[in-house]
Amino acid sequence: MANSRRSLLFFIFCAITSIQWREIPHIVDARRTHLIEDDGPRRTHRPAECQFGKQLKELGSSWFPDLGPPFGVMYCFRCECVAVQKKRRIVAKVECRSMKYDCPKVTCDDPVILPGKCCKTCPGDNASIIQDVPPPTIANEDERNIKEFGALLTARTSQILKREEMKSMYSINNPQNIVATGRFSLHKKNLYYSFYVSEKATRPRAIQFMDTTGNILEEQNLTIPSTGPFSIYQNTTGKLCGVWRRVPRDYRKFLKDDQIIVAILWGDKYQAELALAGRIEKYPALQTEILSSLLEPAPGTSLEQMAGAGGTAIVSAVGGTASSVHITLVVNGVFNPDEILDVPLNIRLETHDNKQIIIEDVQKVKKPAHAVNVIEITSPVSTSDLRMLARGKLFITVESRRNPESLRLQGQVVSRVSCEIFQTVISSHNPDSQQRTNGLAWIYLNRDGGLVYNLEVNDLNYDVNPLVALVDDNGKRRLELEDLTPTLNRVTNEASGTIDRLGPRVLEPLYSGDLFVTIVDKPDTSIARGRLVSRPIADSRDSPAPILFKKIDEFSPPNVAGMAWVAVDSACELHYDISLTGLNAYRHLELYLEEKAFEVPGATITRTFLEEFNGNYLEGFNLEIPEWLLAKLETSVCYLEVYSKEFSRPLLRAKLKNIKVPSRCFPNDSDNELPIIASTMNDVDNPSYNALDSKCYSSGRFYEEGEQWADRLRECTMCSCVNRRVKCDPIKCPPLRCKPEDVHHRKGECCPICMESKMFEEVSNAKNSPGCRQSGNNQFYLAGSSWHPYLPPSGFDTCAICTCDPVSLQISCSKVQCPQLQCSEKDAYRPDKKSCCKKCPEIRVEIYRGDKAHPDLLKDQSFTPNKTASTQEILANGGCSHAATVYENGQEWHPFISSYGEEKCVDCRCKDGIIQCSKKRCTRSVCNNRILGKNNRKDKNNVDECCSAQCHRVRNHNHNARRMRRERIRDRHQQHAKS
């Protein structure tokens, strides 16, 4: 029995896991198929990681599968993420195997299974024969720290692409001699990459990371769709930016040993027009690089001799009294074929017109290499030289000393290759400060060396004439560098601009982390400040602009502030980067995504949990955002909320803006369906739809089911939400029972009130008008007011009157007092449904005077009405009473129906107090004459109109009878013919 149960569980596990890592990708692809394919970037190749359900597993990792309830963790199965080679690509695959067959035999009669174990053991047996718990992965110290790498990509460094097995896939024919250089930063398992490429080249199509044998470890698309999202940073700086997320442990070892090769591809995805490759290596001075240069064949050099040549420069500078420049050169292609040992090269740092030479040196290369040669020089410079260097006015030249006219590389010194921004959260760092000003700022360097800055503030008091500035503050000195106040817009609370004349006095504190954005008032008292820190550009930080978190209420700490970057990538993953300050006492935080259709009070909010975190910084992503919610990031009102799990309260909220979602991430709708958002709102499985479906929308806001409110557009009208529909009724004023001189009508009120004139003046002149607030509809009523309670869906209950006592300000409600009835309760009736009191019927006695015949008498009856009898006498003599009318005994009449009129085809008769009614019947002869038309015109006009409907039914019956008779005769003829 136990074996069969294990087999059943193993079958279920295999079925579920096979769906999770094999079937789901196919389902997703089919669901996202569009009739017209979008031209956006797509992850066409699977990354080297495994996806188990909604969890990503690193290549080489192992785990126990958790199938959730009712199965839980399957400790007798071990899953691993293994590498599988498909042609030249390394992909990941999940493999799971059973461990129960490796369990040793037990020697006791009553073995037990310990929690978290698979094999049965004897009590007291501590021997662990089988390892059924995967060892935890411990990150090395090197992996936690940032590591910098560089690469040079030219035709000479692309030798790996010349192999026979790769010639059909890559082309290294480079007639324009395109050169590229890259910088790589490994931080927390993520490899951030940045490139400068020759300006004559177009944007590459893709980037590949390969091992030394040519196997593709990772490939990413670099094309930008025509519809966006567009990178403002990459367009401004001319750089290529991206990140390889979650680099596997084995690949990180390859990177540390210089065994990773990067390749950039141009052209069509089926046949590359050009590919450049280069080895990722650790170059000197990458940690201190502040400027870079891409070295290309100089104009006038020999195209044949310089084919495939290029280089890059890593520039570091130190200012102050002993200013100096350190340059690391990585070059190739500037050597003559016969130069083998101790080859001299001329190296110059000069202006573009060669009129001013800052540095001129000769360096010898001991043994020139075909692909990469590293040269380092250091030289003292002046402050003015550093200023020209920082402003992009200097060039680096590397040339052959023996043949300088033909073999020469040259490039402009620009901002460093690394894709990065410098950002800060601005707030008051004094916990006792009463300042509530906060904000954010982010800056970056364009290719010309200009400083592009952006700033947004909140709750800034402009009455104190605040000063916004960039300040160098290293603890020993405080120096104001740039004043940003002139560009601060007091309406939008934003400032933006570019500082073109940038010098080393800004670059040095910027790269060393000593540059601050400060806001001070006129007496130089600090209002708020923030320190600019470097962040690599990738995913969320490649979006147009960050958003500012704002406090929700006074419960939040006074100095709390934050900023966030949010973006959706081509794989439909939501990325976010959160930076906070002032939350040192809050350690257990949660991040939520809120969505509502309209920015109106009472609108339904859909909250999606993103991640739990601690501290002031969070960088993450979410794979579980449904398509309908991704689509709403562009069209609906969405917020990010930081929630305190410890205090069970939200602390900060930021409104999303400028979120661009790739078209392939939208729900799949055909051309004849409603737009995407409309279709998703009609999804019954959509929690937002279910919530909105129970609300009412009126006058610019949402109301809950059963909620009551005074209509904003129509005066003296009360509305309510009933069954998802808005129902409104005009306010009905109750009758007043007071002297005419005590009736007063206040301005803005719908109904007059009863109040003595003296008291009315006191109430009217009071600053805060006294009154009562009704808990049911939250309506406010002035002292002395009277009103009918509003009870939806029936509307105003006119049978009750509520009053706000002018002295005690208490609400008292009472029913309307009805007068005593003058008839029995049986005979009393309500004039309409909303009538409070019943009424007695009005008795009408029909008395006929003169010789005229009574209109209700039938011609063939001999009835003489009693013209002098009273109602009691008529009823006592066998009369009848019906619908407030009294009929004498023996009287006949046609009944009167209020919605129809007099029914002349019905005869009623009063006989001994009993009313009997019968319908008039027409003889067959009358109907036959009407059907056959035998009666003449005179007789036709005299025929009773009551017979028309009856004879019409007889005619239809006769017609159907004749038709059926003809059909029976035809059937008999057919049967006779067949026989």
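One is the number of the first residue; the rest follow in order along the sequence.
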Should [X] and [Y] count as an ion pair when the cut-off is N to O under 4.0 Å?
| X | Y | answer |
| --- | --- | --- |
| D258 | R279 | no |
| E80 | K57 | no |
| D338 | R402 | yes |
| E219 | R89 | yes |

Just say parallel, tilted or perpendicular for the rings of Y233 and Y444, cut-offs at 30° and 60°.
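Because their plane-to-plane angle is over 60°, the rings of Y233 and Y444 count as perpendicular.
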Would you say the ring centroid of F195 lies under 6.0 angstrom from that of F184?
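That pair passes the under 6.0 Å test.
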Could you tell me whether W244 and F209 have their ring centroids closer than 6.0 angstrom?
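They qualify: ring centres under 6.0 Å apart.
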Minimum heavy-atom separation for A313 and L329, please, with both atom names.
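Where A313 meets L329 most closely, the heavy atoms are CB-CD2, 3.7 Å.
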From L265 atom CG to N221 atom CG, the distance as rounded to the nearest 0.5 Å
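One gets 10.5 Å once the value is rounded to the nearest 0.5 Å.
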Side chain to side chain donor-acceptor pair (under 3.5 Å), paired with N332, selected from T157, N373, T154
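That would be T154.
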Candidate list E289, E148, E281, test salt bridge (charged side-chain N to carboxylate O under 4.0 Å, His left out), partner R183, passing option:
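Exactly one candidate clears the test, E289.
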Salt bridge (charged side-chain N to carboxylate O under 4.0 Å, His left out) partner of E58, chosen from R246, R245, K189:
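When salt bridge (charged side-chain N to carboxylate O under 4.0 Å, His left out) is applied between E58 and each of R246, R245, K189, only K189 qualifies.
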Okay, side chain of S194, backbone of S418: is any donor-acceptor separation there less than 3.5 Å?
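Checking the backbone N and O of S418 against the side chain of S194, no donor-acceptor pair under 3.5 Å is found.
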